[in-house]
2 protein chains.
Amino acid sequence: MNGSADSPANSRKTSWKKDPEAVKENILAIATEEFAAHGLSGANINEIARKTSTSKRMIYYYFGDKEGLYCAVLEGVYSALRRSEDLLDVAGLEPVQALRRLVESTFDTHANAPHFIRLVMIENIHNGDYLRKSDIVPKLNRSIIDKLEEVCARGKAMGLFRDGADALQLHWLISSFSFYNVSNKATFSASFGTSIYSKSQQSILKARTTDMILAAVVIGYEPKSWN
Amino acid sequence: MNGSADSPANSRKTSWKKDPEAVKENILAIATEEFAAHGLSGANINEIARKTSTSKRMIYYYFGDKEGLYCAVLEGVYSALRRSEDLLDVAGLEPVQALRRLVESTFDTHANAPHFIRLVMIENIHNGDYLRKSDIVPKLNRSIIDKLEEVCARGKAMGLFRDGADALQLHWLISSFSFYNVSNKATFSASFGTSIYSKSQQSILKARTTDMILAAVVIGYEPKSWN
DNA sequence: CTGTTTATGTACCCACGGGTTAATTTGTCA
DNA sequence: TGACAAATTAACCCGTGGGTACATAAACAG
């Protein structure tokens with residue numbers, strides 16, 4: 001019933017190199033695409049395997065099972081984003097400029113990290129179960145809060161910021177529109193049209209949200225972009 | 001291999017009422033729960049059928065296939081939310097109070113509509129493909145924009161609001177933190193703790209975001225909650 | 001009361017896809 | 001140079017779950 005005439009059972013690839021790291025990286029990159037595109041249950045292991053330069057067996061060899069692969073992907077995008085945040089240096093800037101910079105770069109970072117956004121959405125659909133299991137992620141998230149705290153402290157000390165300015169609340173706020181802007185693009189567009197996603201409108205939104213936050217935090221700040 | 005001793009092959013329910021509307025409603029309610037909980041690919045038709053008071057056959061009879069059921073669920077939660085928005089009457093309030101009311105009630109509405117939030121998240125994962133196919137949804141979304149436009153117009157006419165105040169941008173903004181607050185609760189908590197989701201912190205966030213928007217829109221407004 | 005349409009229930013099919021088995025090659029170290 | 005571990009391949013297994021076939025009861029028209 002088998003035994004194809006040509007090359008009996010030894011059509012097996014007869015030559016290959018050992019390169020565990022490259023194989024792992026390759027799997028992880030493809031899996032990131034696929035999980036971001038289709039979600040945890042929507043992504044297909046066979047399809048992921050097909051798109052890699054290796055075989056399905058290797059996925060299980062290195063990552064155990066589908067959930068293990070998904071966790072690795074999740075940790076990967078989280079640490080990538082946080083690493084990019086670490087590059088941002090605001091310690092030298094005066095408080096108002098520093099806060100402005102933090103808001104604008106968060107907005108931009110999110111806009112340019114669609115995989116991250118989608119995977120976080122997916123993880124929220126799963127109630128954060130896999131993120132909570134990870135031990136590396138909680139540690140990663142200090143740096144952005146530390147930066148905001150440092151800026152708030154300086155701003156208050158200099159009598160520029162209102163007393164209520166709170167790092168965690170600010171992060172929640174800044175993340176909210178930066179994230180929503182990307183995460184809900186599809187349904188927002190379907191409901192209200194695509195106008196606000198044009199390049200010029202996006203700049204305006206970024207300027208206005210930044211101004212809005214500064215007006216809330218900085219005493220006597222005039223939100224000029226709203227005129 | 002079958003033929004259970006007790007009631008041979010006629011264990012079939014021998015008496016039932018025809019009630020198409022109730023059956024459809026029942027299926028839709030359960031399906032809403034299940035799709036919201038597990039997503040489109042994650043939800044299980046057998047499981048949905050089991051939880052209804054009818055059979056899997058009826059799901060296919062009324063909704064065609066899994067995607068048809070999902071679309072019906074999506075349209076259901078959208079129209080429910082928009083209907084609740086329609087109940088909100090701000091035409092009688094003076095502009096500043098009207099805007100305040102719109103922000104606060106959007107915040108609350110989202111906080112109390114977890115199914116809606118989760119289904120919109122899921123729909124965004126699917127790039128809005130099913131929402132775009134629906135012909136009822138686009139029409140639904142006018143009312144909230146109309147309300148904001150009316151308030152903005154009055155505010156500007158009375159010299160209270162800045163010229164830049166734009167209904168669509170405001171809706172985007174108000175939705176963003178109202179939505180994010182619910183949608184990203186799981187990952188935000190996993191990363192930064194649950195403190196901001198306490199009842200008291202949520203009130204503060206609502207007050208501050210409202211104040212923040214008013215300070216951006218209303219000329220000379222003092223965001224007191226930030227002190 | 002009979003024929004037809006609508007609504008419902010039961011049992012089944014089968015492909016898709018997550019996961020595994022077993023063999024085979026590559027590299028390494030006595 | 002030969003044994004042993006690590007890396008890799010191809011082929012297979014089988015449960016899950018979306019979807020269907022078929023029979024039949026309710027409702028209704030004439």
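What you see below is based on every heavy atom in this structure, not just the backbone, and it leaves out hydrogens, waters and symmetry mates.
- Taking the ring-ring contact (aromatic ring centres under 6.0 Å, His included) definition, one finds that A:F179 meets it with B:Y180, sequence neighbours left out.
- For the pair A:L40 CG and C:dG17 P, the interatomic distance rounds to 14 Å; values are reported in whole Å.
- Residue A:K66 places its side chain closer to C:dG19 than to any other of D:dG17, C:dG19, D:dT8.
- For residues 60-69 of chain A, the pairs satisfying side chain to side chain donor-acceptor pair (under 3.5 Å) are A:E67-A:Y130, with sequence neighbours left out.
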Please evaluate residues A:R142 and A:E149 with respect to the criterion salt bridge (charged side-chain N to carboxylate O under 4.0 Å, His left out), reporting the C-alpha separation (whole Å), side-chain torsions for both, the decisive distance (0.1 Å), and the verdict.
CA-CA 10 Å; A:R142 278 310 304 172; A:E149 259 166 9; 3.7 Å; yes
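- Rounded to whole Å, the distance from CD on B:E21 to C1' on C:dT6 is 13 Å.
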One pair to check against salt bridge (charged side-chain N to carboxylate O under 4.0 Å, His left out): B:R101 and B:E104. What are the steps and the verdict?
CA-CA 5 Å; B:R101 178 81 172 276; B:E104 289 177 345; over 6 Å; no
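- In this structure, A:N46 and A:G64 both approach DNA chain C, and ranking their closest nucleotides by distance from the 5' end singles out A:N46.
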Output a table of nitrogen or oxygen pairs between the protein and nucleotides 14-16 of chain D separated by less than 3.5 Å.
none

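- Looking at heavy-atom distances under 4.0 Å, B:A43 makes contact with sugar-phosphate atoms alone, never a base.
- If you measure from atom CZ of B:F35 to atom P of D:dG17, you get 13 Å, rounded to the nearest angstrom.
- The residue from A:L99, A:D86, A:D89 that alone fulfils the side chain to side chain contact (heavy atoms under 4.5 Å, CB included) condition with A:K147 is A:D86.
- We find that CD of A:E67 is positioned 13 Å from C1' of C:dG19, with the value rounded to whole Å.
- Taking B:K139 as the reference, nothing meets the salt bridge (charged side-chain N to carboxylate O under 4.0 Å, His left out) condition, with sequence neighbours excluded.
- For the pair B:E34 CD and D:dG18 P, the computed distance is 11 Å after rounding to whole Å.
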Worked check of salt bridge (charged side-chain N to carboxylate O under 4.0 Å, His left out) between A:R82 and A:E85:
CA-CA 5 Å; A:R82 297 315 177 194; A:E85 283 177 352; 2.8 Å; yes
Show me the donor-acceptor pairs, under 3.5 Å and distance only, between side chains in residues 71-81 of chain B and residues at least two apart or in other chains.
{"residue": "B:E75", "atom": "OE2", "partner": "B:S134", "partner atom": "OG", "Å": "2.6"}
{"residue": "B:S79", "atom": "OG", "partner": "B:E75", "partner atom": "O", "Å": "2.8"}
{"residue": "B:S79", "atom": "OG", "partner": "B:G76", "partner atom": "O", "Å": "3.2"}

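- The stretch residues 55-62 of chain A touches DNA chain D through A:S55, A:R57, A:M58, A:Y61, A:Y62, each having a heavy atom under 4.0 angstrom from the strand.
- One interatomic measurement links the two molecules: CG of B:L69 to C1' of D:dG19, which rounds to 14 Å at whole-angstrom precision.
- Taking atom CD1 of residue B:I27 and atom C1' of nucleotide C:dT8, one finds them 11 Å apart after rounding to whole Å.
- The separation between B:R50 atom CZ and D:dG17 atom C1' is 14 Å, rounded to whole Å.
- Ring geometry for A:Y197 versus A:F188: interplanar angle over 60°, hence perpendicular rather than tilted (30 to 60°).
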